[in-house]
Undergrad: 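Take this structure, written in structure tokens, and hold onto it; I'll ask about it next.
Nothing here was measured: the structure is a model prediction, and the numbers come from that model. The chain is numbered in sequence order, starting from 1.
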Amino acid sequence: KIGSTLGDLGCCCTEQFRAMYLAIFYTLVLKVNPVHVGILMLITKFWDAINDPLIGALVDSHKNKGKGKFIPWIKFFAFPTAVLCILGFVNVSNFAYGARIAYMFITYIVYEIMYTCVSVPFGSLSSVMTDDVNQRTDLSRFRSLGGTIFMTVIVIAGPLFLYKDNQPVPSHFLIMSAICAVIGLICLMFTSHWCKERIITEPVVEKKEKLNYFQVIKDITKNKALLGVMLSSFIGIVGAGMVNGLNTYLFRDYFGNVAIMAVSGMLSVLWSLIAFVGTKFVAKKFGKKEWIMYSATFSVVVYAILFFFPLENPMLFIIINGICYLGVSGFQVLVWALVNDAIDYQELQTGKRNEGIVYSAYTFFRKLANAVSGSMSSFASRAREEIAQRSIQKDCCVRAAAYGHVVHGCDGQLFGVNHFQLAHAALFQLVAHNLRQRTHLRLIDIRHPKRTGIQLISGTHTADNRCICLLRTQD
């Protein structure tokens with residue numbers, strides 16, 4: 001059980017850390033357009049999803065030579081996975097824009113290949129550790145505990161360590177990725193030593209038979225139990241992934257304090273302990289599937305309340321969001337037991353046991369969901385920036401009007417795309433200058449520099465997201 005916990009913790013140390021902070025690192029540190037980040041993640045995750053069944057087929061074709069069918073994969077690929085995780089957070093902001101995109105693409109693709117060679121064998125491992133239903137439920141619970149431990153720590157430590165004065169610190173991203181990678185490597189080594197493959201399904205060699213990959217995939221399409229778990233996971237991961245991807249912006253920009261995310265992490269310990277202890281009893285009383293349905297319905301109701309009645313108090317939001325976690329925890333804790341049951345059902349239907357391909361078919365949908373949620377998070381981030389810019393612009397017009405100014409061009413589209421933010425900064429600076437000099441400025445219109453004598457020459461962004469503009473006037 002502890003080995004299963006450490007295995008999931010080891011996987012989360014690299015994969016979940018990247019899922020939470022890599023897009024933010026690309027956007028805020030490497031200064032890559034969020035739309036480009038979304039497209040990159042969509043392409044790479046689609047490849048990663050396709051890559052999973054291929055790796056699963058390779059794992060199934062590997063014969064147990066006394067050291068296990070899955071353990072050797074975990075041991076061999078844990079180290080390169082850790083290295084690639086660290087390389088993903090190297091600050092290459094001084095590279096040309098195209099070189100940055102290329103570096104992101106290469107490190108992302110290679111990491112996902114290495115990680116798949118760890119995650120598919122580890123995910124399949126529990127199906128050969130025991131065939132007892134109750135023990136599998138326990139293994140699923142203890143596996144989910146690994147992810148809970150990581151999320152609890154990273155949600156508390158991440159915002160406090162990665163940001164200073166509400167702004168990201170590039171070197172801290174690299175340091176934390178290295179720490180997570182080393183911890184993940186150590187955990188996976190313990191897993192490979194403590195977890196034992198007890199169910200040996202290698203048949204006695206009578207005649208050599210090649211694995212028919214396409215026939216297995218065809219059989220999977222008839223496995224209704226697995227298809228149900230796939231669809232449920234896809235929908236849940238898309239929703240949860242978007243929430244996690246935008247949480248930093250929520251606390252930094254909406255609530256105005258990214259450090260308060262640490263409080264959310266502390267309280268999540270309580271929710272996780274309740275879910276970990278309580279799930280065993282309710283699943284035994286109601287059944288795994290039934291409890292998941294009841295808890296999911298509860299979660300939908302609470303999230304609907306949050307949607308229709310948005311909160312401005314961050315602590316109240318954190319508490320209600322934590323209650324929502326109790327609703328979704330049923331599926332999160334028990335999903336791996338359901339996957340193992342689906343693997344057994346596949347064997348019951350076909351008479352053949354292909355843990356690697358069946359499990360990788362499930363992870364295919366998880367990776368597909370991660371691709372969709374990651375891209376949607378980046379696109380939503382870009383939309384958030386556009387809305388914020390329009391809000392700043394409207395605020396600019398209001399402030400200028402309040403002091404008797406007439407400001408033209410406040411719809412943003414008239415300024416031109418390249419100088420959108422710089423125009424806002426220019427207007428703010430002109431208003432501030434007028435207030436200091438206590439002179440009356442009759443007209444501000446930077447669309448027509450020849451007519452007004454006010455021209456926006458150049459501008460740049462500082463590290464703390466301010467704009468410095470150079471203006472030219474007739475005098």
Undergrad: Do R143 and T5 have side chains that get closer than 4.5 Å, going by heavy atoms?
TA: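 No; the side chains remain at least 4.5 Å from each other.
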Undergrad: Could you go through the side chain to side chain contact (heavy atoms under 4.5 Å, CB included) check for V32 and T27 one step at a time?
TA: CA-CA 5 Å; V32 176; T27 304; 6.0 Å; no
Undergrad: Are any non-hydrogen side-chain atoms of R100 and K31 less than 4.5 angstrom apart?
TA: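 A side-chain contact under 4.5 Å exists here.
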Undergrad: What are the two closest heavy atoms between C195 and S4, and how far apart are they?
TA: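 Shortest heavy-atom contact: SG-N, 3.8 Å.
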Undergrad: If we check side chain to side chain contact (heavy atoms under 4.5 Å, CB included) with I292, which of these qualifies: T297, L338, V229?
TA: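 Testing each of T297, L338, V229 against I292, the sole residue satisfying side chain to side chain contact (heavy atoms under 4.5 Å, CB included) is L338.
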Undergrad: Is there a side-chain contact between F122 and T191, using heavy atoms and a 4.5 Å cut-off?
TA: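 Yes, their side chains come closer than 4.5 Å.
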Undergrad: Would you indicate whether the side-chain heavy atoms of I43 and F105 approach each other to under 4.5 Å?
TA: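 When only atoms from C-beta onward are counted, I43 and F105 do touch, with a gap below 4.5 Å.
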Undergrad: Between L9 and G146, what is the shortest heavy-atom contact and its length?
TA: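 It is CD1-O, 3.5 Å.
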Undergrad: If we only count heavy atoms from C-beta on, is the Y111 to R18 side-chain gap below 4.5 Å?
TA: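 Counting from C-beta outward, Y111 and R18 do come under 4.5 Å.
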Undergrad: At what distance, to the nearest 0.5 angstrom, does CG of L162 lie from CG of L174?
TA: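 Result: 11.0 Å between the selected atoms.
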Undergrad: Return the minimal non-hydrogen interatomic distance between S126 and G123, and the atom names on each side.
TA: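 Closest approach of S126 to G123: OG-O, 3.7 Å.
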Undergrad: I'd like to know whether the aromatic ring centres of F77 and Y115 sit less than 6.0 Å apart in this structure.
TA: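 No - the distance between ring centres of F77 and Y115 does not fall below the 6.0 Å cut-off.
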Undergrad: Can you find a heavy atom in the side chain of F70 that is under 4.5 Å from one in the side chain of V120?
TA: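 F70 vs V120: side chains apart.
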Undergrad: Main chain of P168, side chain of H172: is a donor-acceptor contact present, judged purely on distance under 3.5 Å?
TA: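 Checking the backbone N and O of P168 against the side chain of H172, no donor-acceptor pair under 3.5 Å is found.
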Undergrad: Please report whether the ring centroid of Y97 lies less than 6.0 Å from that of H36.
TA: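 H36 vs Y97: aromatic centres under 6.0 Å.
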Undergrad: Tell me if a side-chain donor or acceptor on Q346 pairs with a main-chain N or O of N223 at a distance below 3.5 Å.
TA: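 Side chain of Q346 to backbone of N223: no pair is present.
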Undergrad: When rounded to the nearest 0.5 angstrom, what is the spacing between OG in S93 and CG in L30?
TA: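 The distance works out to 6.5 Å.
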Undergrad: Quick one: are W291 and S295 in side-chain contact, heavy atoms under 4.5 Å?
TA: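 Side-chain contact under 4.5 Å: yes.
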Undergrad: Taking all non-hydrogen atoms of both residues, which atom of F150 and which atom of C13 are closest, and how far apart?
TA: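 Between these two residues, the closest heavy atoms are CE1-CA, 3.6 Å.
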Undergrad: Please say whether more than 12 non-hydrogen atoms of neighbouring residues, nucleotides or ligands are located less than 6.0 Å from CZ in F190.
TA: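 Open.
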Undergrad: Please say whether more than 12 non-hydrogen atoms of neighbouring residues, nucleotides or ligands are located less than 6.0 Å from CZ in F79.
TA: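 At most 12 heavy atoms, drawn from other residues, nucleotides or ligands, come within 6.0 Å of this atom.
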Undergrad: Which distance, rounded to the nearest 0.5 Å, do you find between the CE of M129 and the CG of L139?
TA: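 One finds 5.0 Å between CE of M129 and CG of L139.
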Undergrad: Got a second to check how far I183's CD1 is from T14's OG1, nearest 0.5 Å?
TA: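 These two atoms lie 11.5 Å from each other.
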Undergrad: Could you go through the side chain to side chain contact (heavy atoms under 4.5 Å, CB included) check for L188 and C11 one step at a time?
TA: CA-CA 8 Å; L188 288 171; C11 290; 4.2 Å; yes
Undergrad: Please find the pair of heavy atoms, one from A78 and one from M189, that lie closest to each other, and give the distance.
TA: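 Looks like CB-CE, 3.7 Å.
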Undergrad: Minimum heavy-atom separation for K222 and Q349, please, with both atom names.
TA: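 Scanning both residues completely, I find the closest heavy atoms to be O-NE2, 3.5 Å.
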Undergrad: Look at atom CD1 of I175 and say whether more than 12 heavy atoms of other residues, nucleotides or ligands are closer to it than 6.0 Å.
TA: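 Count over threshold, so yes.
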Undergrad: Look at the aromatic rings of Y26 and Y108 and report parallel, tilted or perpendicular, splitting at 30° and 60°.
TA: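 If you compare the ring of Y26 with that of Y108, the planes turn out tilted.
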Undergrad: Show the numbers, then the answer: is there a side chain to side chain contact (heavy atoms under 4.5 Å, CB included) between Y294 and V282?
TA: CA-CA 11 Å; Y294 300 152; V282 293; over 6 Å; no
Undergrad: Output yes when a side-chain donor or acceptor of T81 lies under 3.5 Å from a complementary backbone atom of M114, and no otherwise.
TA: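 Pair found, side chain donor or acceptor close to backbone of M114.
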Undergrad: With a 3.5 Å distance limit and no angle check, can you tell me whether K289 reaches the backbone of F286 through a side-chain donor-acceptor pair?
TA: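 Checked: no pair found.
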Undergrad: Could you give the distance from CG (L28) to CD (Q167), rounded to the nearest 0.5 Å?
TA: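 Rounded to the nearest 0.5 Å, the CG-CD separation comes out at 8.0 Å.
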Undergrad: Between atom CD1 of I101 and atom CD1 of I106, what is the distance when rounded to the nearest 0.5 Å?
TA: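 Taking CD1 in I101 and CD1 in I106, the distance rounds to 11.5 Å.
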Undergrad: Taking it one step at a time, do L6 and W194 satisfy side chain to side chain contact (heavy atoms under 4.5 Å, CB included)?
TA: CA-CA 10 Å; L6 292 178; W194 288 354; 3.6 Å; yes
Undergrad: Sub-3.5 Å donor-acceptor pair from the side chain of T107 to the main-chain atoms of M104, do we have one?
TA: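 The answer is yes, because a donor-acceptor pair under 3.5 Å joins these two groups.
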Undergrad: Could you check if a side-chain atom of F142 sits within less than 4.5 angstrom of a side-chain atom of I2, using non-hydrogen atoms only?
TA: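 Contact flag for F142/I2 side chains = no.
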Undergrad: May I ask you to check whether F17 and Y21 place their ring centres under 6.0 Å from each other?
TA: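 Distance test on ring centres: under 6.0 Å, yes.
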